[in-house]
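What follows is a set of notes on a single structure, which appears directly below.
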Amino acid sequence: MTSVRDPSVRVRFAPSPTGYLHIGGARTALYNYLYAKATGGTFVLRIEDTDLERSNSEYEKLQIDDLRWLGISHDEGPDRPNPKYGPYRQSERTEIYQRYARELVEKGLAYYDFCTEEELEAMKEKAALEGRDPIYEGRWKDPASHKEALDRISQGEKPAIRFRAPKKSYTLEDKVKGRVVYPENMVGDFVIVRSNGLPVYNFCCVIDDHLMEITHVIRGEDHLNNTVRQLMIYEALGARLPQFAHVSLLIGHDRQKLSKRHGATSVNLYRNEHYLPEAMCNYLCLLGWSHPAERDIFEKQDIVEVFTLERFSASAAMYDLEKFKWVNSEHIKKMPTAELIELIERGPEVAFFQGQTLEWKHACVELLKKYVQFTTDFPRLVNELILNEHPEKTDALREILSWESTPKILDFISGAVSSVSTDFVSEAELNGWTEHVKKTLGIKGKPLFQGVRAALTGHDHGPDLKFLIPLTPVTVLKNRIAHLTK
RNA sequence: GCUCCCAUCGUCUAGCCCGGUCUAGGACAUCGCCUUUUCACGGCGGUAACAGGGGUUCGAAUCCCCUUGGGAGUACCA
């Protein structure tokens, strides 16, 4: 099945700026982004910062920056406002929420509540004892107390506004979970505006999705239970329901919802470790969504044609670094060499690499790219394979050196290398040496090739010599052979 | 506790909606073999799963129920 073009689609990613962008958040953002691209719709970024205590605008910037790094760009947001729908920070929309809340109070669908924390706590304990969910039973629920409430407000007291939860069951047709039935009495009356005047998530989320004309809500399954409250508010508002798609959660190796204690869970950590953003999107996308042709490696633009909500998995996905690393290595392999060189040079320990000719860099990257998982592996391999003048004499290497034929090879190679006047050995020269060892020294087969390799590289294995040796500076070769003959 | 969600190889998954083509396919990881120019590349192959129990049916991984297991929610957090 291919995706359906529908430019009226509006989706959103609504992070709270309470920390770095989490990989789970990145995945949700990615799904929304992909759906917008697939349908030709609009991807909105909204900042849910109603929790003043925990929100920090610095995190907003960092999260947006991480999204940009991932290539998940939004069409509307705080920095790209559409006057019809803005503002995009909930902290700047307080009056809107208060207006809607007041309307609900006027219609009798919500009420002022002056209960203290202690009173609420007592109710909760009672409910727990009776084995049911805490359901608000305070006296402010009674319409008769409305007048008293107004009096207390006029005296300067600050009430919370509580939504009157209808006594009925609700049904959600979710795109990934199917039909979800919320029984009657699942939730009691809940606060929509705190006594400090700031609205609460479940309320502003609905108001915003409604006002911003969001057509599809793609979010984590942790919101599935919340949705019943939101359904109630949609109903009270007389607002049209969006399509919901509750994507399964990401879990750690202990099968618990992925969180900080599972190690690296924020995007910036992977960014710092030089994971490729394309690889991260690719891997994250695969955790809970499958390509119709079962493809594993792709770019965002490759799947726009086939991205549909139908292919989400209903069960939680375990985050597995091994496969992520493999995806990263595959993206390195398919990346154009010139681009790869640029990336490598932006990484650490590249002084030698940068000093070489473009031709050398190309050959080097072509040779090594099939062996690496990260772009930062290149300089590591260059150091180990090309620049190391004192290779460690491992058991495997000692064995080769102990062969009867090896000292002869070493002796010849040593002389051959010292007579080279250029900076690098050519492939032809190397072939000549091998020929010589074979013909004149009469060494062939394993002793020949293992011996030549050991003499030249100080390793018992490694990349193809005919590519590796022409990349190795002759000075290094000389010192290395001296080290080996010692 | 209560409510909701979920259940195919160790992991990600295909298949499930529309039962037979599934002695269950792919990928990561793992193991083995091959490549007498090594090798970390590549190629080939192996190990490995329908949670359990009932039903429905000629036939169930696929539909229904129960059990078990796991997850999430249960805030004047999001």
What pairs of donor and acceptor atoms, side-chain ones from residues 452-461 of chain A against any protein atom, are under 3.5 angstrom apart with sequence neighbours left out?
residue  : atom : partner  : partner atom : Å
A:Arg453 : NH1  : A:Pro463 : O            : 3.4
A:Arg453 : NH2  : A:Gly462 : O            : 3.4
A:Arg453 : NH2  : A:Pro463 : O            : 2.9
A:Thr457 : OG1  : A:Arg453 : O            : 2.7
A:Thr457 : OG1  : A:His459 : N            : 3.0
A:Thr457 : OG1  : A:His459 : O            : 3.4
A:His459 : ND1  : A:Thr457 : O            : 3.3

Select base, sugar-phosphate, or nothing to describe what [X] touches, counting heavy atoms under 4.0 Å on all strands.
X: A:Val181; answer: sugar-phosphate
X: A:Cys205; answer: nothing
X: A:Gln256; answer: sugar-phosphate
X: A:Ile161; answer: nothing
X: A:Asn185; answer: nothing
X: A:His223; answer: base

Counting only side-chain heavy atoms from C-beta out, which of [options] sits nearest to [X]?
X: A:Arg162; options: B:A27, B:C5, B:C76; value: B:C76
X: A:Asp222; options: B:G73, B:U3, B:C76; value: B:G73
X: A:Glu221; options: B:C5, B:C77, B:G71; value: B:C5
X: A:Ala314; options: B:A78, B:C28, B:C6; value: B:C6

Item to complete: Check ring pair (Phe, Tyr, Trp, His ring centres under 6.0 Å) between A:Tyr275 and all other residues, then give those that pass, not counting sequence neighbours.
Response: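 With neighbours one apart ignored, the set is A:Tyr270, A:Phe324, A:Phe374.
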Give the rounded distance in Å between these two atoms: [atom1] of [X] and [atom2] of [N].
X: A:Leu309; N: B:C17; atom1: CG; atom2: C1'; result: 16 Å
X: A:Leu224; N: B:C4; atom1: CG; atom2: C1'; result: 6 Å
X: A:Glu184; N: B:C4; atom1: CD; atom2: C1'; result: 16 Å
X: A:Glu310; N: B:C16; atom1: CD; atom2: C1'; result: 15 Å
X: A:Arg295; N: B:C28; atom1: CZ; atom2: C1'; result: 17 Å
X: A:Tyr182; N: B:U74; atom1: OH; atom2: P; result: 13 Å
X: A:Arg229; N: B:U3; atom1: CZ; atom2: P; result: 15 Å
X: A:Gln90; N: B:C77; atom1: CD; atom2: P; result: 13 Å

Sticking with atom [atom1], work out how far [N] lies from [M], rounded to a whole angstrom.
N: B:G25; M: B:A48; atom1: C1'; result: 14 Å
N: B:U62; M: B:G20; atom1: P; result: 11 Å
N: B:A61; M: B:G52; atom1: C1'; result: 14 Å
N: B:C12; M: B:C50; atom1: P; result: 16 Å
N: B:C63; M: B:G15; atom1: C1'; result: 15 Å
N: B:A78; M: B:C66; atom1: P; result: 36 Å
N: B:A49; M: B:C65; atom1: C1'; result: 24 Å
N: B:A60; M: B:G53; atom1: P; result: 14 Å

Worksheet item: Between A:Tyr283 and A:His331, does the ring centre distance come in under 6.0 Å?
Response: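 So the answer is no for these two rings.
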Practice prompt. Kindly say if A:Ser16 contacts the phosphate of B:C77, meaning a side-chain N or O under 4.0 Å from OP1 or OP2.
Written response: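 Result: no.
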Charged N to carboxylate O below 4.0 Å: is that the case for [X] and [Y]?
X: A:Arg152; Y: A:Glu148; answer: yes
X: A:Arg54; Y: A:Asp51; answer: yes
X: A:Lys175; Y: A:Glu310; answer: yes
X: A:Lys334; Y: A:Glu278; answer: no

Taking a pair as Watson-Crick or G-U wobble with both distances under 3.5 Å, which nucleotide is matched to [N]?
N: B:A48; result: none
N: B:C17; result: none
N: B:C41; result: none
N: B:U36; result: none
N: B:U74; result: B:G1
N: B:U57; result: none
N: B:G69; result: B:C6

Item to complete: State the CG-CD distance between A:Leu198 and A:Gln90, to the nearest 0.5 angstrom.
Response: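 Here the interatomic distance stands at 10.5 Å.
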Worksheet item: How would you list all residue pairs meeting salt bridge (charged side-chain N to carboxylate O under 4.0 Å, His left out) that involve residues 184-201 of chain A, not counting sequence neighbours?
Response: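 Checked against salt bridge (charged side-chain N to carboxylate O under 4.0 Å, His left out) - neighbours excluded - the pairs reaching residues 184-201 of chain A are A:Lys141-A:Asp189.
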Practice prompt. Only counting residues at least two apart or in another chain, list the ones meeting side-chain hydrogen bond (donor to acceptor under 3.5 Å, both in side chains) with A:Asn56.
Written response: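 With neighbours one apart ignored, the set is empty.
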Under-3.5 Å N/O pairs linking protein and nucleotides 36-44 of chain B:
residue : atom : partner  : partner atom : Å
B:U38   : O2'  : A:Gln450 : OE1          : 2.6
B:U38   : O2'  : A:Asp460 : O            : 3.2
B:U38   : O2   : A:Arg453 : NE           : 2.2
B:U38   : O2   : A:Arg453 : NH1          : 3.2
B:U38   : O2   : A:Arg453 : NH2          : 2.7
B:U38   : O2   : A:Gly462 : N            : 3.4
B:U38   : N3   : A:Arg453 : NE           : 3.4
B:U38   : N3   : A:Arg453 : NH2          : 2.1
B:U38   : N3   : A:Gly462 : O            : 2.8
B:U38   : O4   : A:Arg453 : NH2          : 3.4
B:U38   : O4   : A:Asp464 : N            : 3.0
B:C39   : O2   : A:Gly462 : O            : 3.1

Fill in: Option from A:Ile207, A:Leu109, A:Leu104, A:Asn202 for which side-chain contact (heavy atoms from CB on, under 4.5 Å) with A:Ile192 holds
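Testing each of A:Ile207, A:Leu109, A:Leu104, A:Asn202 against A:Ile192, the sole residue satisfying side-chain contact (heavy atoms from CB on, under 4.5 Å) is A:Leu104.
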Worksheet item: With a 3.5 Å cut-off and just heavy-atom distances, do the side chain of A:Asn225 and the base of B:A72 make a donor-acceptor pair?
Response: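 In this structure, the two groups form a donor-acceptor pair.
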All N/O pairs under 3.5 Å across the protein-nucleotides 12-14 of chain B interface:
residue : atom : partner  : partner atom : Å
B:C12   : OP1  : A:Met318 : N            : 3.0
B:C12   : O2'  : A:Leu286 : O            : 3.1
B:U13   : OP1  : A:Gly288 : N            : 2.8
B:A14   : OP1  : A:Ser290 : OG           : 3.1
B:A14   : O3'  : A:Arg311 : NH2          : 3.4
B:A14   : O2'  : A:Glu294 : OE2          : 3.4

Item to complete: Look only at the side chain of A:His146 and the backbone of A:Tyr111, and say whether a donor-acceptor pair between them is shorter than 3.5 Å.
Response: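 A pair under 3.5 Å: no.
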